[in-house]
Amino acid sequence: MPELPEVETVRRGLALKLEGRRLVRVQQNRPDLRFPLPANFVRRLEGRRVAAVKRRAKYLLIEMDDETVLLVHLGMSGRMLVSRREGAIAEPHDHVVLETDDGWVVRFNDARRFGLMDLADRDTVADHPLLAGLGPEPLEPEFNGPGLAAALAGRSTNLKAALLDQRIVAGLGNIYVSESLYRARLSPRRRAGTVSGSRANQLVAAIKSVLEEAVEAGGSSLRDYVQTSGELGYFQHRWAVYDREGQACPDCDCNFKRTGGVRRIVQGGRSTFYCPGRQR
DNA sequence: CGGCAAACCTGCGAGC
DNA sequence: TGCTCGCAGGTTTGCC
């Protein structure tokens with residue numbers, strides 16, 4: 001999916017179109033996404049003005065003027081497509097459609113339906129079951145070397161799996177874990193508990209720099225992901241290891257002929273990409 | 001606790 | 001051209 005940089009890109013696009021606008025029409029095209037939509041979903045949103053569009057980890061939090069919060073997760077294939085009302089064409093898998101008082105249409109489109117929406121209250125949304133257990137925001141100062149080391153201490157699971165665990169740090173997914181570990185020169189196979197001190201500091205710095213650059217580039221993009229505007233993100237062109245099996249890594253001083261370049265392994269049923277010459 | 005597989009669901013590209 | 005297979009950015013659950 002959309003990992004943190006993609007969700008942040010979507011958040012910015014939605015904020016430009018939605019903040020301060022009234023939702024004059026809300027259309028719900030099916031009773032459920034990953035979970036059933038809450039009771040009175042349409043009635044609780046229609047006519048409300050959007051106060052703010054925020055983000056926590058990979059969740060979008062769209063706050064209304066009555067303190068209702070529309071919680072959105074894009075899952076693997078979820079998109080928020082923005083267009084003018086007069087040009088809007090309904091497409092398959094448009095599950096929820098929002099229309100603003102100044103003529104914009106936002107369509108939540110999610111073929112695989114791993115995404116979700118729920119309604120919460122502003123003052124208690126942090127305690128929502130989906131948000132309560134999340135770890136620190138990786139781009140905030142609260143995410144730092146000592147804190148990460150403490151969270152990893154004693155864990156025998158591999159470092160890849162630990163960084164995908166949203167309780168350790170919230171917002172990384174399969175692409176940016178591989179990219180961060182490459183930048184930190186740490187092997188995805190290393191035991192998580194062995195990362196402390198300067199290694200933890202380096203890993204935190206790597207995660208922050210990868211995510212910051214990706215946000216700046218407007219996220220990555222695969223075939224089924226577009227930004228709110230419909231344009232593609234550019235970070236995919238900067239992947240060092242993700243989806244680059246067999247190729248030389250960009251900083252290659254690691255004897256390509258011996259290592260065979262970027263290696264793909266499967267951990268927890270998901271692909272991991274790394275350079276065995278650089279990452280230990 | 002840990003590791004793994006399966007589950008949720010659809011689409012797409014590769015290979016035959 | 002058309003079929004089957006494997007794989008895909010996420011997260012949870014259940015089993016050993």
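The sequence lines fix the lettering, A, B, ..., with proteins before strands; numbering per chain opens at 1.
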Grab the [atom1]-[atom2] distance between [X] and [N] for me, whole Å please.
X: A:F114; N: B:dT10; atom1: CZ; atom2: C1'; answer: 8 Å
X: A:R113; N: B:dT10; atom1: CZ; atom2: P; answer: 5 Å
X: A:R155; N: B:dC1; atom1: CZ; atom2: P; answer: 9 Å
X: A:R167; N: C:dT13; atom1: CZ; atom2: C1'; answer: 13 Å
X: A:R270; N: B:dC8; atom1: CZ; atom2: P; answer: 18 Å
X: A:R30; N: B:dC8; atom1: CZ; atom2: C1'; answer: 12 Å
X: A:L116; N: C:dT11; atom1: CG; atom2: P; answer: 9 Å
X: A:L4; N: C:dT11; atom1: CG; atom2: P; answer: 11 Å

> Should we say atom CZ of A:R258 is surrounded by more than 12 heavy atoms from elsewhere, each under 6.0 Å from it?
Replying inline: no
message: Surrounding CD of A:Q28 (heavy atoms of other residues, nucleotides or ligands, distance under 6.0 Å), is the total greater than 12?
response: yes
Using atom P of each nucleotide, how far apart are C:dG6 and B:dA5 to the nearest Å? 15 Å
Counting just side-chain N and O atoms, does [X] come under 4.0 Å of either OP1 or OP2 of [N]?
X: A:H93; N: B:dG11; answer: yes
X: A:S77; N: B:dC9; answer: no
X: A:Q166; N: C:dT11; answer: yes
X: A:H73; N: C:dG10; answer: no

Go through the steps to decide whether A:T68 and A:R48 satisfy the test side-chain hydrogen bond (donor to acceptor under 3.5 Å, both in side chains), and finish with yes or no.
-> CA-CA 9 Å; A:T68 295; A:R48 297 265 64 88; over 6 Å; no
Just to verify, which of [options] counts as forming a side-chain contact (heavy atoms from CB on, under 4.5 Å) with [X]?
X: A:D165; options: A:I168, A:V169, A:L163; answer: A:I168
X: A:R21; options: A:L98, A:D102, A:V50; answer: A:D102
X: A:V241; options: A:I175, A:T272, A:V262; answer: A:V262

Using 30° and 60° as the class boundaries, would you call the ring planes of A:F108 and A:H95 parallel, tilted or perpendicular?
tilted
Nearest heavy-atom contact between A:A57 and A:A170 is CB-CB, 3.5 Å
Nearest to the side chain of [X], which nucleotide is it out of [options]?
X: A:R264; options: C:dC7, B:dG11, B:dG3; result: C:dC7
X: A:A111; options: B:dG11, B:dG3, C:dA8; result: B:dG11
X: A:Y242; options: C:dT11, B:dG2, C:dA8; result: C:dA8
X: A:R34; options: C:dT12, B:dG2, C:dA8; result: C:dT12

Writing each nucleotide of DNA chain C 5' to 3' as (, ), [, ], | or . by Watson-Crick or G-U pairing under 3.5 Å yields .|||||||.|||||||
### Task
Report yes or no: is there a donor-acceptor pair, N or O only, under 3.5 Å between the side chain of A:R112 and the base of C:dA8?
yes
**Message:** Using a 4.0 Å heavy-atom cut-off, does A:Q267 contact any base of the nucleic acid, only the sugar-phosphate backbone, or nothing at all?
**Reply:** nothing
